[in-house]
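Below is one structure, written out as structure tokens, with a few remarks after it.
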Amino acid sequence: MAVTGDETETGTSGDLTACQLHNSSSSLPQGEAEASGRSSQKHSESIAKRELRLMKNREAARECRRKKKEYVKCLENRVAVLENQNKTLIEELRALKDIYRHKVE
DNA sequence: ATGCACCCGCGTCACCTGTA
DNA sequence: TACAGGTGACGCGGGTGCAT
């Protein structure tokens, strides 16, 4: 699976949260603590956004493949029908030719 | 039993297109 | 113009048939 990007991202996110936990408990000035809180919130929001996007795309891909399969099956059915039709018409033509030949003779 | 080629389905990314 | 959804392309893992 091509999860490399995902893995690296979740990996870094894991590291970050660990760092953030450490930072919040350490003696950071209030301004910096708030700023880091905001940035960590932004970060987790963007991660959530990405996960939502991936989830939606996963389902979209599944649906897209299902539709494509159905479409191909439909085309295959159509081919079968047309082949039968062609066979029947060829038979009909042969019979008509026969009739015509007998009339001429 | 094992190695190999092939197929299938999946998740993800990148791109395109339609819509608000 | 930003955003959402559809889809082709790619790489991966698992299943299967076949030759050795």
Side-chain angles (χ1 to χ4, degrees):
Chain A
M1 242 164 273
V3 228
T4 52
D6 213 1
E7 273 172 1
T8 52
E9 236 187 84
T10 50
T12 50
S13 77
D15 289 342
L16 270 177
T17 47
C19 285
Q20 282 152 9
L21 280 175
H22 270 102
N23 283 341
S24 62
S25 61
S26 69
S27 55
L28 222 58
Q30 200 185 351
E32 283 182 40
E34 279 176 12
S36 90
R38 273 197 302 272
S39 83
S40 84
Q41 188 187 343
K42 266 194 173 176
H43 185 250
S44 56
E45 272 173 13
S46 80
I47 285 180
K49 225 175 171 181
R50 173 182 155 77
E51 274 171 3
L52 185 64
R53 184 162 51 82
L54 286 181
M55 195 185 75
K56 281 186 175 177
N57 188 240
R58 206 177 300 141
E59 281 161 16
R62 230 177 271 152
E63 177 66 7
C64 182
R65 286 175 183 130
R66 190 193 63 76
K67 274 168 62 184
K68 190 174 179 179
K69 236 179 155 180
E70 200 176 296
Y71 175 67
V72 168
K73 204 182 278 178
C74 189
L75 285 182
E76 285 169 349
N77 283 342
R78 188 162 163 68
V79 166
V81 166
L82 290 175
E83 276 175 353
N84 275 338
Q85 242 175 25
N86 197 33
K87 226 182 264 176
T88 306
L89 287 172
I90 286 172
E91 278 304 311
E92 203 176 316
L93 180 61
R94 188 173 300 155
L96 288 173
K97 276 181 174 174
D98 259 13
I99 291 171
Y100 177 72
R101 201 179 309 129
H102 283 118
K103 268 196 172 178
V104 168
E105 286 168 2

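Chain letters run A, B, ... following the sequence lines, proteins first and then strands; every chain starts at 1.
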Once rounded to the nearest 0.5 Å, what's the spacing between atom CG of A/Leu75 and atom CD of A/Glu70? 11.5 Å

Just grab all the salt bridge (Lys or Arg N to Asp or Glu O under 4.0 Å) pairs involving residues 76-90 of chain A, residues at least two apart or on different chains. none

Kindly compute the distance separating CD (A/Glu51) from OG (A/Ser44), expressed to the nearest 0.5 Å. 10.5 Å

Would you tabulate the pairs of protein nitrogen or oxygen atoms and nucleotide nitrogen or oxygen atoms of nucleotides 15-20 of chain B closer than 3.5 angstrom?
none

Of the listed B/dC10, B/dT12, C/dG8, the closest approach to the A/Arg62 side chain comes from B/dC10

Measure the distance from CZ on A/Arg66 to P on B/dC10 and round it to the nearest whole Å. 12 Å

What's A/Arg65 touching, base or sugar-phosphate or nothing? Going by heavy atoms closer than 4.0 Å. base

pair A/Asn86-A/Ile90: side-chain heavy atoms closer than 4.5 Å: yes

Reckon A/Lys69 has a side-chain N or O less than 4.0 Å from the OP1 or OP2 of B/dG9? yes

Show which side-chain atoms of residues 93-105 of chain A pair as donor or acceptor with protein atoms under 3.5 Å away, not counting sequence neighbours.
from	atom 1	to	atom 2	distance (Å)
A/Arg94	NH1	A/Glu91	OE2	3.1
A/Asp98	OD1	A/Arg101	NH1	3.2
A/His102	ND1	A/Asp98	O	3.1

Supply the members, apart from A/Leu52, of the Ile/Leu/Val/Met/Phe/Trp/Tyr cluster built from side-chain contacts under 4.5 Å; use none for a lone residue. A/Met55

Short heteroatom pairs, N/O only, protein and nucleotides 1-7 of chain C, under 3.5 Å:
from	atom 1	to	atom 2	distance (Å)
C/dT7	O4	A/Asn57	ND2	3.0

In short, salt bridge (Lys or Arg N to Asp or Glu O under 4.0 Å) pairs touching residues 54-65 of chain A with sequence neighbours left out are A/Glu63-A/Arg66

How far does NZ of A/Lys69 sit from SG of A/Cys64, to the nearest 0.5 angstrom? 13.0 Å

Taking only side-chain nitrogens and oxygens of A/Arg58, does any of them come within less than 4.0 Å of OP1 or OP2 of B/dT12? yes

What is the distance, to the nearest angstrom, from the CD atom on A/Glu59 to the C1' atom on B/dG9? 16 Å

